[in-house]
Number of protein chains: 2
Amino acid sequence: MTPSSASIAHASNNDFYADNEKLYVATDCIVFGFDGEDLKLLIFKRRVEPDSGIWSLIGSFVQLDENVDDAARRVLKEITGLEQIFLEQSKTYGKADRDPGYRCLSVAHYALIRLEDYDRELVESHGAFWYTLKELPTLALDHDQMVADALDKLRRKARQQPIGFELLPEKFTIPQLQKLYEAIYQRDLDPRNFRKKVLSLKVLVKLDEKDKSGSKRGAFLYRFDADKYEELLESGYNFEI
Amino acid sequence: MTPSSASIAHASNNDFYADNEKLYVATDCIVFGFDGEDLKLLIFKRRVEPDSGIWSLIGSFVQLDENVDDAARRVLKEITGLEQIFLEQSKTYGKADRDPGYRCLSVAHYALIRLEDYDRELVESHGAFWYTLKELPTLALDHDQMVADALDKLRRKARQQPIGFELLPEKFTIPQLQKLYEAIYQRDLDPRNFRKKVLSLKVLVKLDEKDKSGSKRGAFLYRFDADKYEELLESGYNFEI
DNA sequence: GTTTTAAGCGTACAAAATACGTTTTTTTAA
DNA sequence: TTAAAAAAACGTATTTTGTACGCTTAAAAC
């Protein structure tokens, strides 16, 4: 074992792993979607032995030459076919006994995707399915905890950044946006106050079209103005919703 | 390589590391202190080759049979002599090239300690020193980024949880507490409004003693009531400061 | 005893969150 | 054809919270 320049980062550099031991690093993804009513999670059921039939999050080992966040993106692309989606590190799970098979640590990430965008065939071919939070079965290992933690992160994030648009189609109505925030926060919101609040952020562009799927009268469609958002963000604007 | 029950957690289980390759896992600690005026950070300067003279955060490799957070606690005890201090995971740094020597990923943690509590001899013997944020030298690897991220976490955390008490002595005055929050938020606060706000949280117990070090008149000492805090927390109280 | 300084208390104003009434548009059914 | 129903869209009142700032008080220093 040759000490490199990197070893200065550590108080003691005599605790390298023995050559016959290994510590694995994986990443697991908590993938959120929204169907207009409920928040959904993408999980998969293993179809071959061992552990056939057990539900778990999608994930993979991190390759030796791969950035950890790239590993998460790779998994997402592999299962959903999607690239360039919202992905953020959630938390690292590092209990020595978290995986009964061998020492493996997992860097969890959460992702937000549009339910109409993903590759249905690809998802099915991996044995993956969308579940609402309420119907979610018990997951393998510490994955239930990962989901709980990611939900908490999502809620905090949604409160301070207009993140909801990542889960909706390009065009959406204000009542649809409200339903999403109600699903995230798990509580009802007043439609009049929600509209007032969200329009006051000045990042929505009203379109000339209406969506009639939700009501008799129909509601105007809006789109999120990313440029306007960046602009306001730089001027120290507060985006609490 | 024997696939264990754990491999169900992953979409593909054919990407184990080759037997001659290794991915190391370390933890680095961002240790905050408060001297009454400024936030301080504990960093250490390597005194032996290679890389003698380079400043970095304190850290260590994670042992194979050790929980990641226990590794962070071990480091803290090793350098400061302290146990049972506030420690929270910050973020994991996993870029493949973050350490030029070998593939090493670091799970950063931040800690809050009372400056009068730590073991001075032990700290010195490890070549560690307290630096104010403004005077902080450039650190090794991605440690500057770790500090910036941890500071951001600390600020957010302090806003929603009465965390400041971890950095102050058991007994403290309200002006002292204000100085701390001014150091954390990097902005001046109005003493009258700060007092009003902090007393409205109902988690401070006024003592019969005064501290005269800060002013001629002296200020009453308070202590944090952890039981009261837990109680109010459970009843859904909001602790924004 | 007068001055100085920060602690401590109080009040006025502004901004944000919340509650809730009213009108409008369109579909469905009488 | 008209009335009822339902949700969208707009508006206003009230409450809560945040911010600005004046005044008094206690104790040391001169």
Side-chain angles (χ1 to χ4, degrees), chain A residues 36-37 155-156 158-162 168 171-223 232 235-241, chain B residues 36-37 155 158-160 162 168 171-223 232 235-241:
Chain A
E37 280 295 327
R155 288 194 180 122
R156 289 178 198 280
R159 200 174 295 279
Q160 57 171 45
Q161 216 177 94
L168 288 175
K171 300 172 183 179
F172 53 86
T173 68
I174 291 182
Q176 282 166 2
L177 187 64
Q178 182 183 338
K179 284 256 184 193
L180 170 59
Y181 276 90
E182 289 179 330
I184 293 176
Y185 296 148
Q186 300 273 55
R187 71 181 183 96
D188 288 347
L189 301 171
D190 182 278
R192 294 154 293 189
N193 293 336
F194 181 79
R195 174 183 301 273
K196 207 192 308 175
K197 177 76 189 171
V198 89
L199 288 178
S200 77
L201 297 181
K202 305 282 184 200
V203 290
L204 293 191
V205 180
K206 189 177 184 176
L207 305 175
D208 269 338
E209 309 166 64
K210 274 194 172 183
D211 173 278
K212 301 238 176 182
S213 64
S215 70
K216 298 166 186 171
R217 178 180 173 179
F220 276 103
L221 287 162
Y222 288 77
R223 66 172 180 80
L232 287 170
S235 59
Y237 207 77
N238 186 13
F239 280 100
E240 283 188 26
I241 295 181
Chain B
E37 281 295 325
R155 287 194 181 122
R159 200 173 295 278
Q160 56 170 47
L168 289 175
K171 301 172 183 179
F172 52 85
T173 68
I174 291 183
Q176 281 165 4
L177 187 63
Q178 182 183 340
K179 285 256 184 192
L180 169 60
Y181 276 90
E182 288 179 330
I184 293 175
Y185 297 148
Q186 301 273 56
R187 70 181 182 95
D188 288 346
L189 301 170
D190 182 278
R192 294 153 293 190
N193 292 336
F194 180 80
R195 174 184 300 272
K196 209 191 309 175
K197 177 78 188 167
V198 89
L199 287 178
S200 77
L201 298 180
K202 306 281 183 197
V203 290
L204 293 191
V205 180
K206 189 176 182 176
L207 305 175
D208 269 338
E209 310 165 63
K210 273 194 172 184
D211 173 278
K212 303 237 177 183
S213 64
S215 69
K216 297 167 187 171
R217 179 179 174 180
F220 277 103
L221 286 162
Y222 288 77
R223 67 172 178 79
L232 288 170
S235 60
Y237 207 76
N238 186 12
F239 280 101
E240 283 189 25
I241 295 182

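Order of the sequence lines fixes the chain letters, A, B, ..., with proteins taken first and strands second; residue numbering starts at 1 for each chain.
In this entry the distance linking CZ of B:R187 with C1' of D:dA20 reads 13 Å, nearest Å. Look at CZ on A:F220: it is 15 Å from P on C:dT24, rounded to the nearest Å. For B:L189 and D:dC21, the CG to P distance is 15 Å, given to the nearest whole Å. A:K210 has its NZ atom 14 Å from the P atom of C:dT24, to the nearest Å. Distance, A:N193 CG to D:dT16 C1': 14 Å, rounded to whole Å. Note: CG (B:D188) to P (D:dG18) measures 19 Å, nearest angstrom. To the nearest angstrom, P of D:dT14 lies 17 Å from CG of A:D190. Distance, B:D211 CG to C:dG8 C1': 15 Å, rounded to whole Å.
Both A:G214 and A:K206 sit near DNA chain D, but only A:G214 has its closest nucleotide nearer the 5' end. Along DNA chain C, the nucleotide closest to B:Y222 and the one closest to A:S215 are compared, and the more 5′ of them pairs with B:Y222. If you find the closest nucleotide of DNA chain C to A:G218 and to B:I174, the one lying nearer the 5' end belongs to B:I174.
Across all strands shown, A:K212 has heavy atoms under 4.0 Å from sugar-phosphate atoms exclusively, and none from any base. Among the heavy atoms of the strands lying under 4.0 Å from A:P175 are primed sugar atoms or P, OP1, OP2 only; no base atom is included.
Side-chain contact between A:Q176 and A:D211 is present, with at least one heavy-atom pair separated by less than 4.5 Å. At least one side-chain heavy atom of A:L204 sits under 4.5 Å from a side-chain heavy atom of A:F172.
Between the side chain of A:E182 and the backbone N or O of A:L189, at least one donor-acceptor pair lies under 3.5 Å.
More than 12 non-hydrogen atoms from other residues, nucleotides or ligands lie less than 6.0 angstrom from NZ of A:K210.
You won't find any donor-acceptor pair under 3.5 Å spanning the side chain of B:K216 and the base of C:dT3, going by distance alone. One N or O donor and one acceptor, one from the side chain of B:R192 and one from the base of D:dG22, sit under 3.5 Å apart. At a cut-off of 3.5 angstrom, the base of C:dT11 holds at least one donor-acceptor pair with the side chain of B:K196.
Taking CG of A:L207 as the start and NZ of A:K171 as the end, the distance is 6.0 Å to the nearest 0.5 Å.
Contact check, B:R217 against C:dT5: no side-chain N or O comes under 4.0 Å of OP1 or OP2.
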